[in-house]
Amino acid sequence: MQFTKIDINNWTRKEYFDHYFDNTPCTYSMTVKLDISKLKKDGKKLYPTLLYGVTTILNRHEEFRTALDKNGQVGVFSEMLPCYTIFHKETETFSSIWTEFTADYTEFLQNYQKDIDAYGERKGMFAKPNPPVNTFPVSMIPWTSFEGFNLNLKKGYDYLLPIFTFGKYYEDGGKYYIPLSIQVHHAVCDGFHVCRFLDELQDLLNE
């Protein structure tokens with residue numbers, strides 16, 4: 001993993017970054033429904049497959065890999081890894097686990113299962129220790145579907161990476177859908193970029 005600093009003064013996005021980061025700080029979220037009928041038909045494991053899909057598309061586009069380092073310098077990670085939540089029924093709490101990413105679907109599922117087996121029963125917010133700086137958050141709320149979801153972060157205006165939240169899937173007209181909320185920072189990511197991400201993710205889920 002590499003973190004490449006951006007030369008802001010020669011960045012094509014400088015004007016937009018300055019406006020939405022300094023002048024008018026702005027984050028936004030978009031909630032959509034993804035068609036997961038192909039996944040259900042093929043009997044794919046839903047959560048790891050969604051993690052694979054989101055991470056695959058995210059790693060294609062630098063606007064979803066742009067972040068601030070510890071010194072506040074803007075840069076782009078060469079690769080991102082998913083850091084996702086799992087639920088503990090007995091305590092009604094959750095833990096976060098991160099998994100190494102690989103473009104090979106089967107290998108990623110193996111990595112995911114190894115982490116679940118090793119850390120899935122551990123309590124505490126971070127069941128798998130030492131999450132790398134190049135992780136992004138993914139949550140699953142499997143108990144209800146929703147048409148809108150937004151996180152209200154006190155320090156969210158300094159957080160540039162995307163945040164993903166899935167809900168409960170449902171059947172409608174013979175097809176299966178799952179809600180997905182994407183929260184991004186407008187300084188690095190516009191509506192065009194979110195819509196392109198969603199189109200490419202849906203295409204991948206259809207494969």
Side-chain angles (χ1 to χ4, degrees), residues 27-61 64 80-99 101-117 119-121 125 127 135-153 161-184 189-207:
T27 65
Y28 67 95
S29 63
M30 182 182 297
T31 302
V32 300
K33 60 180 182 180
L34 294 172
D35 187 341
I36 57 169
S37 301
K38 182 72 162 51
L39 304 186
K40 295 292 291 180
K41 178 181 178 182
D42 294 345
K44 301 290 187 182
K45 291 185 176 181
L46 186 58
Y47 199 15
T49 300
L50 293 173
L51 292 173
Y52 172 83
V54 166
T55 310
T56 296
I57 306 304
L58 183 149
N59 279 323
R60 291 180 185 174
H61 303 290
F64 294 100
M80 301 296 297
L81 313 176
C83 185
Y84 50 94
T85 57
I86 58 171
F87 186 68
H88 306 294
K89 292 182 180 180
E90 61 274 21
T91 59
E92 297 184 351
T93 59
F94 70 90
S95 296
S96 293
I97 296 176
W98 57 276
T99 290
F101 181 72
T102 170
D104 183 279
Y105 173 69
T106 300
E107 185 177 348
F108 176 77
L109 260 61
Q110 291 172 347
N111 292 344
Y112 167 87
Q113 194 58 53
K114 287 179 182 178
D115 285 329
I116 292 296
D117 292 341
Y119 305 104
E121 298 301 321
M125 284 198 66
T135 59
F136 68 94
V138 186
S139 296
M140 173 70 80
I141 306 176
W143 305 280
T144 189
S145 189
F146 50 77
E147 295 183 354
F149 182 90
N150 186 70
L151 289 168
N152 302 304
L153 305 176
L161 293 173
I163 302 171
F164 299 88
T165 306
F166 287 98
K168 181 180 179 180
Y169 74 84
Y170 60 95
E171 187 270 337
D172 183 21
K175 291 189 174 183
Y176 291 90
Y177 300 94
I178 192 167
L180 170 62
S181 171
I182 305 178
Q183 187 153 321
V184 295
C189 190
D190 301 327
F192 165 80
H193 303 113
V194 174
C195 291
R196 178 175 61 186
F197 176 94
L198 291 168
D199 287 343
E200 292 184 10
L201 177 58
Q202 184 63 72
D203 288 342
L204 184 62
L205 298 179
N206 289 341
E207 292 179 3

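Predicted model only: the values in this text are computed from it and were never measured. Hydrogens, waters and symmetry mates play no part in the numbers below; they use all other heavy atoms, side chains included.
Applying the salt bridge (Lys or Arg N to Asp or Glu O under 4.0 Å) rule to pairs touching residues 197-207 yields R60-E200, sequence neighbours excluded. The stretch residues 90-99 participates, sequence neighbours left out, in these salt bridge (Lys or Arg N to Asp or Glu O under 4.0 Å) pairs: E90-K123. Counting only residues at least two apart or on different chains, no side-chain hydrogen bond (donor to acceptor under 3.5 Å, both in side chains) pair has a member in residues 138-149.
Between the side chain of T135 and the backbone N or O of C83 there is no donor-acceptor pair closer than 3.5 Å. Using a distance-only test at 3.5 Å, with no hydrogens or angles considered, no donor-acceptor pair links the side chain of S181 to the main chain of T165. In this structure a side-chain-to-backbone donor-acceptor pair under 3.5 Å is present from Y52 to A103.
Between V54 and Y84, every side-chain heavy-atom pair lies at or beyond the 4.5 Å cut-off. The shortest distance between side-chain heavy atoms of F94 and M125 falls below 4.5 Å. When side chains are defined from C-beta on, M140 counts as touching L50, because their heavy atoms get closer than 4.5 Å. Side-chain contact between T49 and I36: absent, with no pair of heavy atoms (C-beta onward) separated by less than 4.5 Å.
Closest heavy-atom contact between D115 and W98: OD2-O, 3.2 Å. Of all heavy-atom pairs between S96 and T85, the closest is OG-CG2, 4.0 Å. Scanning both residues, E171 and G174, for their nearest heavy atoms gives OE2-N, 2.6 Å. Of all non-hydrogen atoms in K38 and L205, the two that sit nearest each other are CB-O, 3.6 Å. What you find for A127 and S95 is that their closest heavy atoms are CB-CB, 3.8 Å.
Checked by atom type, the side-chain pair D35/S37 shows a donor-acceptor distance below 3.5 Å. A donor-acceptor pair shorter than 3.5 Å can be found between the side chains of Q113 and D117. Checking S29 against N150 by side-chain atom types alone, a donor-acceptor pair falls below 3.5 Å.
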Side chain to side chain donor-acceptor pair (under 3.5 Å) assessment of E107 paired with N111: CA-CA 6 Å; E107 185 177 348; N111 292 344; 4.8 Å; no
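The number of heavy atoms from other shown groups lying within 6.0 Å of OH (Y176) does not exceed 12. In the displayed structure, Y169 atom OH is contacted under 6.0 Å by at most 12 heavy atoms of other residues, nucleotides or ligands.
Between F101 and the options Y112, F136, F108, a ring-ring contact (aromatic ring centres under 6.0 Å, His included) holds for only F108. For the side-chain contact (heavy atoms from CB on, under 4.5 Å) criterion with F64, the lone passing option out of T55, I57, N59, V184 is V184.
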